[in-house]
Structure formats: C-alpha cells, structure tokens
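These notes concern the structure reproduced below.
Order of the sequence lines fixes the chain letters, A, B, ..., with proteins taken first and strands second; residue numbering starts at 1 for each chain.
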2 protein chains.
Amino acid sequence: MPRPKVHDDALRVRLLERAGHTLSAKGLRALSLRQLATDVGTSTTAVYSLFGGKPALLTALFDEAFHRFGTHLATVTPSDEPFEDLVQLGIAYRASALDDPHFYEVMFGTIRADITMDPGSLARAAGTFEPLLRMVRRAIDAGALRAEEPSVIAMSLWAMVHGLVSLEMRGFLPPGAPDPGQAFSKAVRANLAGWRP
Amino acid sequence: MPRPKVHDDALRVRLLERAGHTLSAKGLRALSLRQLATDVGTSTTAVYSLFGGKPALLTALFDEAFHRFGTHLATVTPSDEPFEDLVQLGIAYRASALDDPHFYEVMFGTIRADITMDPGSLARAAGTFEPLLRMVRRAIDAGALRAEEPSVIAMSLWAMVHGLVSLEMRGFLPPGAPDPGQAFSKAVRANLAGWRP
DNA sequence: AGGGTAGCGCAACGCTGTTCTAGAACCTCT
DNA sequence: AGAGGTTCTAGAACAGCGTTGCGCTACCCT
C-alpha cells in the first residue's frame, strides 16, 4: 500500500549535516526549517516525519555537538605528567569552543530551556566528561592533586574552563590583557594549584 | 503644531518595568512586543518611538539587569577577613543569578549576539565588577593572596563563579552531589586557595 | 487493471518583528 | 473664531517563522 519512502534515513543524515553546517556558519538564528528544507531539496514535512519538529532537530544537533566535542577532547592523550595533562585538556576545550562557537552555544546556551532533552542525550553529554574524571583520578593517584572527591575537582576545573571561555566569547575579558590564551592557561593552572596536596 | 505626546518618558518607564516583569516571570521567549504593548495599554509603535525596536529594548533590559546585579552584590560589605569576603561575594553572585535566571540570561546568554551593545552599556556592565577588583586588591594588601595582577585573579574568580552557576542552571552538576551550595563554596575556596601566597 | 492507502508537497493558520499609512489632535495664523 | 498645517500615534500590511491539515500522487495487493 505504501509508496517508496523519500523521507528515509539518508535524507535524515543530509538534513542533519546541512543543519550543522548552517548552524556553524550563520548561527542558530539563521536556522529555519523552511530554508533548511529548500537547501536540501525537500519540504518542511521531512523534518516533521524524520525528527518531529524543530526542538527535536535541535536535540539531534545537541547530540552531534557533544559528539564532536568529545572527539576533539579525546585528542589529548595522557602523558607522564598528569597535572599538565589537565591543563592541556582545558586548552583543547577552549580551542574547540572558540573554533565553533555556535555549536558550543547549542551545548551550553539558552536553547537548553526550549528543547526537551531525553535522558539518553543528557547521559551521553555527561559522558563526554568521563575522560576528564579519569585524568583527575590519575593526577590524584600520582600525588599531583589532593585526595578529594574526584568529581568535585573535575567539576571545579570544568566550571573554570567553561566560565573563562564563556566570558571570553561574550567579550567580558579585561581589555588590558594582551593574550587571552596565556591568561587562560594561567588561570587554569592557578585553579588546579588550589587542589594540590 | 505638534500634539501632546503620549509616548513620553513615563510610558518608557512603564514599558521597561512591564518588560522586566514578564522577563522574570515567563522568560525571554514570552516577551513579545505586541503582548507588551497590550499589557501597558499602548501600541507596538511606542516601543519603536521610545526605544527603536526589540533589540534596543533588550539593551535597556541588559542595563537594568546589570544595575540590579550590582546592587545585589553591593550588599556584601568588607569585613576584616578579605579572603572570606571574596567567598561571600561569590555566594551572593550565585544567589542573585539563581534568584532571577532570566535576567542572568540577558546578561550572559546568547542574546548578546543579537543586540547591538553601545560602549556605554558595556562599560557600565564591566563596572559592576569594580567591587570585586577592590576586594581582590584588599586581599592582596592583607597578604591573603599572592601579589599577582589583581585583574587576573578577579577574572579567575569571576570565571569560576560564573561557570559553576552556569553549569548548575543547565543541570550539568553531578547527580551525586547532595548540596550544590556547599559544593559551590568549596570550589570557590579551592580556586582562591590557588592564588594564596 | 483497478482500488486502497500510505506518503508527501503545499497551502493555510497563528504568531513574530518591522514598516507604512491614514487619520486624529493639537498649535498657529488669519 | 475658524481654517490650515504639522506632528504623532494606532492599526493595518508585509515578510517570515514553526506547525498543522488538506489533498493529490504513486505505489502494492487483489
């Protein structure tokens, strides 16, 4: 009875890729279903049958964003200096965020309030920071950090890095500072130093 | 030749107050010019003649938000323990943000990209953190913190606090933690400890 | 070959911010 | 006092949004 599906998984992928591209290039404001459908050569109905609506499409982009982020952070491989590894992880975090601010916005921006996040997505997002937790544990074991609850230290470092990046993207860094990157790693090091034995 | 103005400064104030109220209560998404005009008993034209459009209205709210924020932070009065004063300032920051998340969003959220910020607004916003800078200097003078560049330490503390609050509001705090407030002050203290002499 | 039906493009709905327009309300000048 | 001129404002019009419903299309099964 049916007819050959046009709204298949391949179209889903194309929509998602195109949406990600538009998001990166022009920001969330410029991402409209009508334009997206036109770009891909289909109708807005496709987004509804394949995703369920715009919030659901954004949820998919949310997943995609964390996937990319996690991949980028994974390039930081552990060395024999656990303390410095954590600093490098922070630097990679900043680089990734500044490299694609719009995707970063999808992960940590206001959108979160508009879209209904399924538990799976949230869990995967949280899982992105598993490597961080492991590195903190390694640093504790190596005696580079105090034997505090690892999740507390990890959260502290994450907040520091996220806060710095967030303020930098909003233009709230003090105008006097010449090199934001240098101030960044300095602040991260100081924060980690607060957890030294 | 003219006729008595209806779009006077009093109406401007009423619009701004009503907009602030709606923002607090229902968030930025619910703030529409049509609804706002209806609520205040005027037409959308008023917003255009008194502000210039929605972005300009948001800029006014941005100013208002930082004013409120600054007033709230000013309630933290210096004691004879400069180190602890900084912790208390952080706690006040968190309380203010969680007390009115939508206003906090206007200050540090995505909106920043949509509205054209005049230098005056940005300068006033930055000025809100003058007290923080003073407290850091006091702490350095008292020997509670290292003699680093005060703005760097202030920025580090601000980023820490902002990052924690931001992650907490987004639901990214580790589920295990029982009391976010306690974890917050602990993290702030650890961050400050990193700047100790 | 001809229903039956699932799938899909397109138009319509209600909303948004913004712009345009027509008329109302006042002051000034005759 | 009355007419004219000018400024100001409310509301309609416009373009675009996400979403929903309609109706045609194109296939599978009998």
From [atom1] of [X] over to [atom2] of [N], roughly how many Å is that when rounded to an integer?
X       : N      : atom1 : atom2 : value
B/Leu58 : C/dT16 : CG    : P     : 15 Å
A/Leu33 : D/dT20 : CG    : P     : 11 Å
B/Leu15 : D/dA10 : CG    : P     : 11 Å
B/Asp8  : D/dC8  : CG    : P     : 13 Å
B/Phe51 : C/dT18 : CZ    : P     : 13 Å
B/Leu28 : C/dG17 : CG    : C1'   : 13 Å
A/Lys54 : D/dT20 : NZ    : P     : 15 Å
A/Gln35 : D/dA15 : CD    : P     : 17 Å

A/Glu84 atom CD: more than 12 heavy-atom contacts under 6.0 Å: yes
Under 4.0 angstrom between [X] side-chain N/O and [N] OP1 or OP2:
X       : N      : answer
A/His7  : C/dG7  : no
B/Tyr48 : C/dT18 : yes
A/Ser43 : C/dC8  : no
B/Thr45 : D/dA10 : no
A/Thr42 : C/dG9  : yes

Between B/Ile153 and B/Leu157, is a side-chain contact (heavy atoms from CB on, under 4.5 Å) present by the stated rule, with each step listed? CA-CA 6 Å; B/Ile153 300 181; B/Leu157 181 59; 5.6 Å; no
As a test of reading the structure: which of C/dG9, C/dT19, D/dT9 is closest to the side chain of B/Lys5, going by heavy atoms? D/dT9
Taking the six-membered ring where the residue is Trp, are the ring centres of A/Phe184 and A/Tyr93 under 6.0 Å apart? no
Do A/Phe129 and B/Phe172 have ring centres separated by under 6.0 Å? no
What is the nucleic acid contact for B/Leu31, judged by heavy atoms within less than 4.0 Å: base, sugar-phosphate only, or nothing? sugar-phosphate
For B/Leu36, report the nucleic acid contact type (base, sugar-phosphate, nothing); a contact means any heavy atom under 4.0 Å. nothing
Quick one, A/Arg138 with A/Arg134, criterion side-chain contact (heavy atoms from CB on, under 4.5 Å). Give me CA distance, side-chain angles, the key distance, then yes/no. CA-CA 6 Å; A/Arg138 246 170 59 91; A/Arg134 258 184 274 124; over 6 Å; no
The answer to which of A/Gly41 and A/Arg34 contacts DNA chain C further toward the 5' end, by nearest nucleotide, is A/Gly41
